[in-house]
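A short write-up of the structure that comes next.
Here is the naming used below: chain letters follow the sequence lines, and residue numbers restart at 1 for every chain.
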There are 2 protein chains.
Amino acid sequence: MARKTANRRVGITDVAQRAGVSLASVSRVMNGNFSVDPDIAARVRTAAAELNYQPNAVGRSLALGKTDTIGVVVPDLANPTFQGMLRGVSRAAAQDGYRVLIADSSEVSSEESILAGEARRRCDGVVLCAPRMNDAELEALAPSLRPLVLVNRSTADIQTPSLVVDYGQGIQDLAMHLVKLGHTHLAFLSGPERSAGNQARLQGLEKFRTDHPAVTLTVLSGGSSFEAGHGSAEAVLETGATGVLAFNDLVAMGLLSGLHERGVDVPGDISVTGFDDIPFANYTTPPLTTAAVPINDIGEQAWQEMRRLLGDAASEPSHTTFQPEVRPRGSTGPATR
Amino acid sequence: MARKTANRRVGITDVAQRAGVSLASVSRVMNGNFSVDPDIAARVRTAAAELNYQPNAVGRSLALGKTDTIGVVVPDLANPTFQGMLRGVSRAAAQDGYRVLIADSSEVSSEESILAGEARRRCDGVVLCAPRMNDAELEALAPSLRPLVLVNRSTADIQTPSLVVDYGQGIQDLAMHLVKLGHTHLAFLSGPERSAGNQARLQGLEKFRTDHPAVTLTVLSGGSSFEAGHGSAEAVLETGATGVLAFNDLVAMGLLSGLHERGVDVPGDISVTGFDDIPFANYTTPPLTTAAVPINDIGEQAWQEMRRLLGDAASEPSHTTFQPEVRPRGSTGPATR
DNA sequence: AGATGGCGAGAAAACGTTTTCTGGAAACGT
DNA sequence: ACGTTTCCAGAAAACGTTTTCTCGCCATCT
C-alpha cells in the first residue's frame with residue numbers, strides 16, 4: 001500500500017478534517033439530512049467543494065447493503081429483441097436512480113448460470129432474459145438469484161415474477177392470417193432448440209394443426225439469425241409451401257433476402273411472416289408482416305417488477321402475459337396456387 | 001437493522017466459525033492462495049459448500065479498491081452503432097473478467113456529465129462514447145473520469161486514449177464514389193448539431209467542395225434517426241440533387257422509404273448513400289451503399305485501451321483513427337440527368 | 001432553582017472482505 | 001542443545017461509508 005499522502009483519493013475523512021467536524025456530520029450533510037447546524041453544513045459543503053470530494057460508492061454500498069444496480073442477463077446482445085428489452089429496463093431503472101449491469105452469455109447456455117450468479121453478487125437483483133438453460137437448472141438457480149425477474153421464461157416457483165410473450169398464440173394468429181389469405185400449405189422455420197419461445201411456437205402450431213386439419217404444415221429446423229433465414233431459402237422452396245412462418249423477424253428478413261436472390265416474388269409466389277416487429281421490420285421490401293411484441297414495454301415492466309421486489313418483498317409477484325399483435329404488411333398476400 | 005440471526009446472508013465469518021479457523025484463513029483459501037494447510041483448506045471448502053457461501057462483492061471491492069467493472073456511456077441505446085460498440089466492449093471486457101455498467105443519456109447532453117460521473121464512482125473506469133457535450137465541458141470533466149477512453153471524440157488532453165472514425169475522409173470517399181458515377185449535384189442530409197461526427201462530415205465536405213468546384217453540394221439539416229430521413233424526402237427532391245449523402249444508414253433507410261413512397265426510383269432517379277454499415281444496410285431494397293465502420297472492433301479496442309489504463313498507467317495512450325471503407329451496393333448508380 | 005426533556009454533534013460500531021502484523025512452533029544450522 | 005530462521009495461522013487494521021449510541025448543553029416545566 002504505497003499511499004504516501006499523495007495520490008490518495010479524497011475521502012469523507014479529509015472533508016471532516018478540513019471542515020473541523022466529525023465524519024458523522026459530513027455524512028449527515030452529504031445526505032441532505034435533517035437537523036444539522038447551518039453553519040456546520042456550510043463549512044462541510046465548502047470543504048467538500050474545495051477538495052472536490054466525490055463520495056465513494058463502494059463504501060456507501062457496503063454500509064447501506066445495497067448497490068442501486070441490477071443485472072440483466074441476455075443471450076445475445078446482437079439480437080434486436082434483447083437490445084430493445086435491455087433499453088427498456090435501462091431507461092426505466094434510470095428513472096428510479098438504478099443502473100444496469102449487462103451480461104451477455106453469447107448464446108452459451110452453460111455460461112448463463114455463472115454470469116447470473118456473478119451479476120447477482122454485484123447487484124441488488126437480476127433480470128434473466130430468455131435463459132437458454134433447462135428447467136431443472138433454472139429451478140435450482142432461481143432461489144440464489146432472488147430478487148429475480150424472469151422474461152420470456154417462467155418457473156414453477158410462483159414467487160418470482162415473470163413476463164412472458166404468448167408466442168404460441170401469436171404464431172397461431174399469424175398462421176390464421178395466412179390461411180385467411182387462402183394458403184393451405186404452410187412452413188415453419190423454427191428457432192434455437194433451447195429457446196423456450198421456440199417451444200411455445202411449436203406447441204401453438206401443434207394446436208393449430210388439430211384445429212385446421214385441412215392445412216398442411218411443414219416444420220424446418222433453423223436458427224434465430226439473419227443468416228439462418230438466408231440459408232434456408234432453398235429448403236423452404238423445396239417444401240412447396242406458399243406461406244412461411246419464420247421464427248422471428250431476423251430470420252424472415254434473411255429468408256426474404258434469400259428468396260429475392262432466387263428470383264422468387266414475395267408475396268406473389270410466397271408469403272412470409274416474421275415475429276417481434278423489430279424496428280426494421282417496417283422497412284424491408286416488402287414490409288414484413290409480423291406479430292408485434294412490445295419489447296420496450298416488457299423491459300420497462302421488468303424493472304417495475306424488480307422495483308417492487310426491492311421495495312416490499314411481501315407484495316404479490318405478478319405474472320404478465322403479453323399478446324402479440326398481427327401487423328399485416330406487404331410480405332403476405334393472397335395464395336396464387 | 002433487524003438481523004435476528006435468521007435472514008442474514010452467510011459471510012466469511014460464518015464459514016470461519018464452522019470450519020473452526022480464522023477469517024484470514026478462509027480468505028486465503030477462497031482466493032486459491034499459497035501455503036495453507038491442506039487439512040484447513042479442505043475444512044474451509046466443505047464449510048463453504050455446506051453453507052453455500054457466496055463471497056460479497058462489495059466488501060471485496062472495498063478491500064481491494066477495485067470493482068472489476070467499467071462504465072460505458074452512450075447517447076442512445078436504440079442506435080445500432082452504439083449497440084454494436086457496447087457489444088464489442090462488453091464481450092472483450094468479459095474475456096478479462098470485467099463487467100460493463102451501461103448509462104444511456106438518451107441524447108440529453110446535459111445528463112452526460114452526471115451519468116459519466118456516477119458511472120465513474122461505481123466503476124474502475126469509463127468509456128465515453130460519442131459524447132454530445134461541448135469541448136470545454138469534456139475538457140473539464142476528463143480528469144475526474146480517468147481512467148477514461150474516448151470513442152468518436154478526442155480531447156486536447158493527450159493522456160486519454162481515443163478511438164475515432166475518420167468521418168471526414170469517409171464522407172469524401174462516398175461523395176467521390178457518386179461523382180465517379182457521373183453525379184454533379186449532391187445533397188448532404190446532416191445529423192445532430194452537437195454530434196462531433198457530424199462536424200467532421202461537414203468539414204470533410206467543405207474540403208470536397210474546394211477539391212471539386214464543378215460539383216454542386218447542398219446541405220440540408222436533419223437528424224440521426226430513421227424518421228429524420230423519412231421526413232426529409234420532400235426536401236431532398238426539392239434540391240434537385242441526383243446523389244444524396246445521408247448522415248448515417250438509419251437516415252438513409254428512412255430516406256429510401258420516403259422516396260419509395262413517392263414513387264422515386266433508387267438508384268434510377270436518385271442515388272443514396274448511408275454511413276456506418278449497420279447489419280441491416282446489406283438488406284434494404286436496394287442494398288445500401290455505405291461506408292463501413294468496424295464498430296465491434298472499435299468497442300473491443302476501447303476495452304483494450306481501458307485494460308492498459310487499468311494495468312500500468314505509465315504506458316503510452318494510443319489514438320487510433322479508423323478509416324471507413326466504401327461498400328458500393330445497389331442504392332447508388334450512374335447519374336441519368 | 002433544580003430536575004427533566006430534547007436536540008445536536010462527536011465517538012464508535014457496523015458492513016464484509018483482504019492484508020499486514022504478530023507470535024508460536026517447527027526446522028535448520030552450528 | 002541452543003539460537004536463528006522459516007513458516008503458518010490467528011489477531012487486528014484497513015478500505016470508506018452510514019448509523020447507532022452517548023454525552024453535553026440549553027431550554028422548559030414545576
Nucleotide [N], atom [atom2] - distance to [atom1] of [X] in whole Å:
X: B:R43; N: D:dC8; atom1: CZ; atom2: P; value: 16 Å
X: B:D37; N: C:dA26; atom1: CG; atom2: P; value: 13 Å
X: B:K66; N: D:dA14; atom1: NZ; atom2: P; value: 23 Å
X: B:I12; N: C:dC15; atom1: CD1; atom2: P; value: 14 Å
X: B:N56; N: D:dT17; atom1: CG; atom2: P; value: 17 Å
X: A:D14; N: D:dC15; atom1: CG; atom2: C1'; value: 13 Å
X: B:L23; N: C:dC15; atom1: CG; atom2: P; value: 12 Å
X: B:M30; N: C:dG16; atom1: CE; atom2: C1'; value: 13 Å

Can you tell me if A:Q54 has over 12 outside heavy atoms packed within less than 6.0 Å of its CD?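 Atom CD in A:Q54 is crowded, with more than 12 foreign heavy atoms closer than 6.0 Å.
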Between [X] and [N], is there a side-chain N or O to OP1/OP2 distance below 4.0 Å?
X: B:R60; N: C:dT18; answer: yes
X: A:S22; N: C:dA9; answer: no
X: B:Y53; N: C:dG16; answer: no
X: A:S27; N: D:dT17; answer: no
X: A:N31; N: D:dT18; answer: yes

At 4.0 Å (heavy atoms only), tell me whether B:L62 reaches a base, stays on the sugar-phosphate, or touches nothing.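 Result for B:L62 = base.
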* Asked: What nucleic acid atoms does B:V58 come within less than 4.0 Å of, heavy atoms only: base, sugar-phosphate, or nothing?
  ->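 Nothing, no nucleic acid heavy atom in range.
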(request) May I ask you to check whether A:Q301 and A:T320 show a side-chain donor-acceptor distance below 3.5 Å? (result)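 No, no side-chain donor-acceptor pair sits under 3.5 Å.
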| task | Give a yes-or-no answer on whether the side chains of A:E139 and A:T155 include a donor-acceptor pair shorter than 3.5 Å. | result |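 On atom types as modelled, these side chains qualify, holding a pair under 3.5 Å.
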#### Entry: Nearest-nucleotide comparison on DNA chain D, the residue closer to the 5′ end among B:I40 and B:G59
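Looking at DNA chain D, the more 5' nearest nucleotide goes with B:I40.
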For the student: nearest non-hydrogen atoms of A:P75 and A:A130, plus distance: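 Looking at all heavy atoms of both residues, the shortest contact is CG-O, 3.5 Å.
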Donor-acceptor pair present, B:R28 side chain and D:dG10 base, under 3.5 Å |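 It does, because a donor-acceptor pair links the side chain of B:R28 to the base of D:dG10 below 3.5 Å.
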Inset, instruction - Enter the distance from A:L148:CG to A:Q159:CD here, rounded to the nearest 0.5 Å. - result: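 Those atoms lie 11.5 Å apart.
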inquiry  = Can you tell me which nucleotide in D:dC15, D:dA9, D:dA11 comes closest to the side chain of B:A24?
reply    =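 Nearest to the side-chain atoms of B:A24, counting from C-beta on, is D:dA11.
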